[in-house]
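Written out below as structure tokens is the structure these notes cover.
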Amino acid sequence: MGKIVLEKDRLIFRRRDELVVIEPYGKNCLRCRMTRNNKISEENWTLLPPATESDCKIEGDEKVASITNGDVKAVIEAGFPWYGGVISYYRKGKLILKRKQEADYVNDYVHTEGDNYAIRVIFEANEGEHFYGLGQECEDAFDRKGSTCSLLHYNTKSTLPFVYSSLGYGFFWNSPAPGRCETTRNRTLWCSDSAYQADYLIFTGDTPADVMKTYADLTGYASKFPAWAAGFWQCKLRYESQEELLSVAREYKKRGIPIDAIVIDYFHWTEQGEWKFDPKYWPDPKAMCDELKELGIKPIVSIWPTINPNSENYNEMNEANMLVRTENGQFGTFNFYGQQTFIDPMNPETRKFVWEKIKKNYYDYGIHSFWLDEAEPEVHPQQFGHLKFYLGNGAQTAMLYPYYYVKMLYEGLQEAGETEIISLTRAAYPGSQKYGAAVWNGDIQSDWRALRQSVTSGLSMGMCGIPWWNSDIGGFFNGNPDDEEFRKLLVRWFQFGLFSPIMRLHGSRIRTKNQPEPNPGIIERSGGPNEIWCFGEENYVTIKKLIETREKLKPYTIKCMDAASATGAPVMRPMFFDFHEDEVCYTLEDQYMYGEDILFAPIMEKDSVERKVYLPKGNWILTKDKQTYTGGQWVTVHAELNEYIAFVKEGSEVLTVFE
């Protein structure tokens, strides 16, 4: 039989093969750690120290005891040898979570290696509960109830192990080990495939905004968003040369199209792992950056973490253990133009070494923002226990990679004197937001389903504390710039881009018939054209107007970004965030709020020109005709291809943007 020990500010429960510690962790928050080992680890991973004072009260005895911290309470029952260690959590006296025992509790700790176990924590399911979060992936479910999720990263999927519950609490699984989460009808399960302990935090609030603020207290607030980044970013796979890039930048300016950034994609370098321009195609980066500066366009360059023995940096980094190593076998973990491995940004020496190369070969020329591709990292096969990182074996630490990858650039740029730092990255982990991470959802298809899934991804990431988010406008793979159906998709996606935290056009377009080959034999030649004048004259007019509207929307976007940095509130956010008392809003997955004043309902079906929109309480003005609608009802709105469906709260100044 187990025994509970009551201490001043924590409860300890111990029985054969299980140790549990529950303690307060700031206002309205409890932290629970559970292990089969003899002591609790004090490893916090990316969890920050408590930002607020606790209000802790301990009651009970060695059989039943409770710990109360503000509005959240945990009760633990010692129980009997065959049934015990049951923990129940309450929000303002109402049960929200209860540990579920399935067979022998020792099955919750199955040995893997050393002091590590496949650890699971199971809770009873609550009828009518909704879950939101868990990062981004190509899934259609925004409400995670009734679904499962693998806790890992790969291209198009980035897991942040956090959910917001419609019962008014947040749950953060504080483990970077790959695993899984099940939020099904009969149980809620969190599992790490190999970890020293289970470590999770439960925190409550009166509103979703309260809960997300606590989550930001725990993992960090987004840094200061650069004003220029609220505009339009031009990108494609890829500009092969300095002259090609400059010609596109000049053409945008010649046409009077607002443009704030242009991206230099991969293979501009001499070799993977050298982080410098190939002088054959990029002969004068300083002159290029100077001209872009005169044009008012920020250059952004792609950084890859891949490296191989042909790199001039490989031997030094390899001998100093600055690379991701393998537990057995050769170095290669990714076959892309030869076997590659990855830098290990978990190692502070790696971060310093690589930043010095980036500073010398990019920053000093005038490139102060970067695109961190392959951020998961993209290893094949995805056997994380085969990887050896600075912080340990990948089976226990792999999900930390994107956190330290973006930290590498943030630290370097901050040291160089930058104060408004943004890095485009393909993956994130809780805390990435404080290092200027602007996440996108990877190399998705160019089709209508991918557009719908992008809306789901953006909302999910917002509810995981990542307010800076975007997708490739038009999708990444298989978009044909000459195809009328793709052009329709692109226009609808641009409308979504107008109301995304970042508006960025990108993609690997299908090459057009008789497309020129300016650099025969080049590695990774360019895809098809991807500038806005390449999709038909009528669509060009529509897209140009959308970009002009985005330019006028900048002050509003920046205001929303500032609020995110101060409060943790997402910019692109689900309807229930602002209307948490409206039950309908918890069921809405295909419309959302852009900030607190704009409601956007994207059209995401082929050839559709109308859709239903739910308007919550208040009066709403349709931007395209300024008609006023009363809230608390469903309305059907028509929108031709050159129109979009957006409503503004009556009385909001942002309405003038759409005049």
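For the single chain, residues carry numbers from 1 onward in sequence order.
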We want to know whether [X] and [Y] form a side-chain donor-acceptor pair, criterion being a heavy-atom distance below 3.5 angstrom.
X	Y	value
N441	Q136	no
S192	W173	yes
Y403	K434	yes
W493	S454	no
K236	S526	yes
D217	Y221	yes
Y363	K357	no
E251	W533	no

What heavy-atom pair brings [X] and [Y] nearest, and what distance separates the two atoms?
X	Y	value
A564	A569	CB-O, 3.2 Å
L490	L505	CD1-CD1, 4.0 Å
I367	C289	CG1-SG, 3.5 Å
F494	L546	CB-CD1, 3.7 Å
G135	S460	O-CB, 3.1 Å
M346	Y390	O-CD2, 3.2 Å

Taking [Y]'s backbone N and O only, do any of them form a donor-acceptor pair with [X]'s side chain (distance below 3.5 Å, no angle check)?
X	Y	answer
N519	R525	no
Y556	Y594	yes
R509	G527	no
K253	L295	yes

For atom NZ of K360, is the number of surrounding heavy atoms from other residues, nucleotides or ligands below 6.0 Å larger than 12?
->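 It does not: K360 NZ has 12 such atoms or fewer within range.
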Considering the options F342, Y154, F334, which one meets the ring pair (Phe, Tyr, Trp, His ring centres under 6.0 Å) requirement together with H380?
->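 Testing each of F342, Y154, F334 against H380, the sole residue satisfying ring pair (Phe, Tyr, Trp, His ring centres under 6.0 Å) is F334.
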Candidates L424, L237, V263 - the one meeting side chain to side chain contact (heavy atoms under 4.5 Å, CB included) with H506 =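 Running side chain to side chain contact (heavy atoms under 4.5 Å, CB included) over L424, L237, V263 with H506 returns exactly one hit, L237.
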Between [atom1] of [X] and [atom2] of [Y], what distance do you get to the nearest 0.5 Å?
X	Y	atom1	atom2	result
L387	Q396	CG	CD	11.5 Å
T512	N480	OG1	CG	8.5 Å
S175	Y196	OG	OH	13.5 Å
Y337	I523	OH	CD1	6.5 Å
H368	L413	NE2	CG	8.0 Å
E349	M317	CD	CE	10.5 Å

If you draw the axis of the six-membered ring of Y410, does the NZ or CZ of R351 fall within 45° of it and under 6.0 Å from the ring centre?
->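 No, R351 does not lie over the aromatic ring of Y410.
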Stepwise, does the salt bridge (Lys or Arg N to Asp or Glu O under 4.0 Å) test hold for K359 with D364?
-> CA-CA 6 Å; K359 183 178 186 302; D364 289 348; 3.0 Å; yes
By ring-ring contact (aromatic ring centres under 6.0 Å, His included) - contacts of W228 (at least two apart) |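 Per chain and number, W228 pairs via ring-ring contact (aromatic ring centres under 6.0 Å, His included) with W233.
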Would you check, one step at a time, whether the test ring-ring contact (aromatic ring centres under 6.0 Å, His included) holds for H268 with Y281?
-> CA-CA 8 Å; H268 63 271; Y281 305 105; over 10 Å; no
Hey, are the side chains of P501 and W468 touching, using non-hydrogen atoms and a 4.5 Å cut-off?
->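 With C-beta onward as the side chain, the pair stays apart.
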I would like to know whether E291 and K286 meet salt bridge (Lys or Arg N to Asp or Glu O under 4.0 Å); could you show each step before the answer?
-> CA-CA 9 Å; E291 181 174 345; K286 177 67 166 58; over 6 Å; no
Decide if the gap between the ring center of [X] and the ring center of [Y] is smaller than 6.0 angstrom.
X	Y	value
Y239	W282	no
Y429	Y401	no
Y215	F162	yes
W269	F267	yes
F384	H153	no

Just do the salt bridge (Lys or Arg N to Asp or Glu O under 4.0 Å) check on K298 and D260 with the steps written out, would you?
-> CA-CA 6 Å; K298 301 284 186 181; D260 286 270; over 6 Å; no
Are F389 and V324 close enough, and set up right, to give a side-chain contact (heavy atoms from CB on, under 4.5 Å), and what steps lead you there?
-> CA-CA 5 Å; F389 296 100; V324 177; 3.6 Å; yes
Before giving the answer on salt bridge (Lys or Arg N to Asp or Glu O under 4.0 Å), spell out for R426 and E374 the whole-Å C-alpha distance, their side-chain angles and the decisive distance to 0.1 Å.
-> CA-CA 7 Å; R426 205 169 72 181; E374 296 288 315; 3.3 Å; yes
Let me check something: any side-chain donor-acceptor pairs from residues 301-313 under 3.5 Å, sequence neighbours excluded? List them with distances.
{"unit_1": "W304", "atom_1": "NE1", "unit_2": "D373", "atom_2": "OD2", "d": "3.4"}
{"unit_1": "T306", "atom_1": "OG1", "unit_2": "Q272", "atom_2": "OE1", "d": "2.8"}
{"unit_1": "N308", "atom_1": "OD1", "unit_2": "N310", "atom_2": "N", "d": "2.7"}
{"unit_1": "N308", "atom_1": "ND2", "unit_2": "E271", "atom_2": "OE2", "d": "3.0"}
{"unit_1": "N308", "atom_1": "ND2", "unit_2": "Q340", "atom_2": "OE1", "d": "2.9"}
{"unit_1": "S311", "atom_1": "OG", "unit_2": "G273", "atom_2": "O", "d": "2.7"}
{"unit_1": "S311", "atom_1": "OG", "unit_2": "N313", "atom_2": "N", "d": "3.0"}
{"unit_1": "E312", "atom_1": "OE1", "unit_2": "K276", "atom_2": "NZ", "d": "3.3"}
{"unit_1": "E312", "atom_1": "OE2", "unit_2": "K276", "atom_2": "NZ", "d": "3.2"}
{"unit_1": "N313", "atom_1": "ND2", "unit_2": "G273", "atom_2": "O", "d": "2.9"}

Determine, for E524 against R238, whether the closest basic-nitrogen to carboxylate-oxygen distance falls under 4.0 angstrom.
->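 No, E524 and R238 are not salt-bridged.
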